[in-house]
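Input: a single structure, listed below in structure tokens.
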There are 2 protein chains.
Amino acid sequence: MAAPVQKTYDIYATLPAQIAVRIGQAIVENEFKPGQKLREVDLAGAFGVSRASVREALRILESEGLVTILPQRGAQVTALSAAEVEDIFDIRAQLMGLACERLVAALPPAGRPELERLCAELERSLDDAEAYARASLAISEFCVRNAGSRRLADLILSFGRQTARYTKLSLSTSDRRRQSIANWHGLVRSILAGDAKAAEGFARQLVFDTRDTALSMLADGMAKQG
Amino acid sequence: MAAPVQKTYDIYATLPAQIAVRIGQAIVENEFKPGQKLREVDLAGAFGVSRASVREALRILESEGLVTILPQRGAQVTALSAAEVEDIFDIRAQLMGLACERLVAALPPAGRPELERLCAELERSLDDAEAYARASLAISEFCVRNAGSRRLADLILSFGRQTARYTKLSLSTSDRRRQSIANWHGLVRSILAGDAKAAEGFARQLVFDTRDTALSMLADGMAKQG
DNA sequence: CTCCGTCTGAATGTCGACATTATTAATTAC
DNA sequence: GTAATTAATAATGTCGACATTCAGACGGAG
């Protein structure tokens, strides 16, 4: 008797899920600003669906941390304090370390050239902040999705999306991109060499560096404002 | 100018949240079994509310991992494979390590006697599996909630609830409870001594031991069935 | 006897309307 | 002129009904 087939259900199947994806993109790409109110009637009108579907979409986005719902007061784009940004980066660093430590054993042989290709793509994108952000996300996603745990991957990528705007901020200078690439090189080398502990270290450092830059840039921004 | 007051909104305020709490309790306490279907109409009738409220409640529980929603096929109590149980324990061990490492610096002086009291409560409950499970949850929650990150605490406790039935299974023998207490003693001692690295180690070991026992008991159960 | 297609019943998906609550603007008292 | 109160507005909370899709029973062909 063969094992029962694990059917995969397309999360885009339902209407609320589609709405959630589109609103989520707008948030991650900073079209919807932190703190901005998301009125159900407005969104329902914009997407041509009923409020019920929008409500479900907002619940989905709340579970991803992109939206904050306050009872009787509606939904708004989650606005993070500097302390919260730091907190999320710290947790993600820990989880990214775990994922990359696992990746060393879990990466199938066929994934090795793909890993090198994604790393080369990083170097090609060194002069273009937008392209580098995309390439960085691509190799991160590849590593995390091949670490053997769907749950861990979703968690890390969810935290990544919550702080996407700060990561992008952090990678806006070429100096930082060079520092980032150095870490990625170390990580890829460790993975290909089978050194799990070193991989964990590089993965965590990668996130820590991003965190430190983002926080200092935020602090500068605050200093200018206040 | 004083900082604006951060209002706290009671998550029990809305009807769906109340429904979610009650269904969630039933799941954690194993009254609703893994894989059991949760029909919206049934639940709506049982709680005397409309389907819309039940739907929102089920979404909340899905975000906590207690319920799995399959598009067009409804909700059911999340059923975890042995591999998934192991995965959750592993992630929780990592996060618990991080939390307890932070706790060493974050625990306010007033929390020290409380920590010792909760530890003593563990010993008092050594002969009663039910009481020990409660005491274990209490000290875990205390540690995690005083580690300085609401986000991290919620995450750890959420994973804990998802595997609550297996933790309970693991702590069903007095031998295991003695092993658990030894780890808790080590953890509390490390915290009070200010040794963050040792605290991290004990915290992880605590979860690892629970994982190992639960998995071997699950394997035995499977062997009997198959 | 087995397998496939159809059909029936029941569940979820989606919607619009009403009830309730928060916000804001106007008004009045001081 | 300011502050507190109140009324109007606009948002969310909750509900019942209709549309759509899925699971299983039934029946017929091979």
Side-chain angles (χ1 to χ4, degrees), chain A residues 1-2 4-24 27 32-63 66-79, chain B residues 1-2 4-24 27 32-63 66-79:
Chain A
M1 183 173 103
V5 178
Q6 175 69 34
K7 280 192 185 175
T8 67
Y9 294 92
D10 195 340
I11 61 163
Y12 300 95
T14 66
L15 195 50
Q18 293 178 41
I19 309 289
V21 167
R22 292 180 61 176
I23 299 177
I27 294 174
F32 288 166
K33 308 291 182 184
Q36 178 176 342
K37 289 193 176 174
L38 300 173
R39 287 186 202 82
E40 295 177 359
V41 277
D42 295 352
L43 295 169
F47 290 110
V49 298
S50 80
R51 270 183 57 218
S53 299
V54 171
R55 274 179 79 83
E56 281 214 28
L58 291 173
R59 274 254 175 261
I60 294 173
L61 292 167
E62 186 194 28
S63 74
L66 293 176
V67 158
T68 302
I69 298 178
L70 286 64
Q72 315 283 4
R73 292 186 44 180
Q76 57 188 66
V77 180
T78 298
Chain B
M1 180 173 112
V5 178
Q6 175 71 33
K7 281 191 185 178
T8 66
Y9 294 93
D10 195 340
I11 63 165
Y12 301 96
T14 67
L15 195 49
Q18 292 178 40
I19 309 288
V21 168
R22 293 181 62 178
I23 299 177
I27 294 174
F32 288 166
K33 308 292 181 182
Q36 179 175 341
K37 289 194 176 174
L38 301 172
R39 288 187 202 81
E40 295 176 0
V41 277
D42 295 352
L43 294 169
F47 290 109
V49 298
S50 81
R51 272 183 57 219
S53 298
V54 172
R55 274 179 79 83
E56 281 214 28
L58 291 174
R59 273 258 175 257
I60 295 173
L61 292 168
E62 187 194 28
S63 74
L66 293 177
V67 159
T68 302
I69 297 179
L70 285 64
Q72 314 283 5
R73 291 186 43 181
Q76 58 188 62
V77 179
T78 298

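The chains referred to below are lettered A, B, ... by the order of the sequence lines, with proteins before strands, and numbering in each begins at 1.
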**OP:** Would you confirm whether B:Ser53, through its side chain, and B:Pro16, through its main-chain N or O, come within 3.5 Å as a donor-acceptor pair?
**Re:** no

Original post:
Is any side-chain heavy atom of A:Leu38 closer than 4.5 Å to a side-chain heavy atom of A:Leu61?
Top reply: no

Original post:
Of all residues at least two apart in sequence or in a different chain, which pass the side-chain hydrogen bond (donor to acceptor under 3.5 Å, both in side chains) check with A:Ser63?
Top reply: none

Original post:
Who pairs with B:Glu62 by side-chain hydrogen bond (donor to acceptor under 3.5 Å, both in side chains), at least two apart in sequence or on another chain?
Top reply: B:Arg59

**OP:** Given side-chain contact (heavy atoms from CB on, under 4.5 Å), test A:Phe47 with A:Leu15 step by step and report yes or no.
**Re:** CA-CA 10 Å; A:Phe47 290 110; A:Leu15 195 50; over 6 Å; no

Might you list the N or O atoms of the protein lying below 3.5 Å from N or O atoms in nucleotides 7-13 of chain D, with each pair's distance?
| from | atom 1 | to | atom 2 | distance (Å) |
| --- | --- | --- | --- | --- |
| D:dT12 | OP1 | A:Glu40 | N | 3.3 |
| D:dT12 | OP2 | A:Glu40 | N | 3.2 |
| D:dG13 | OP1 | A:Gln72 | N | 3.1 |
| D:dG13 | OP2 | A:Arg55 | NH1 | 2.5 |
| D:dG13 | OP2 | A:Arg55 | NH2 | 2.9 |
| D:dG13 | N7 | A:Arg51 | NH2 | 3.0 |
| D:dG13 | O6 | A:Arg51 | NH1 | 3.0 |

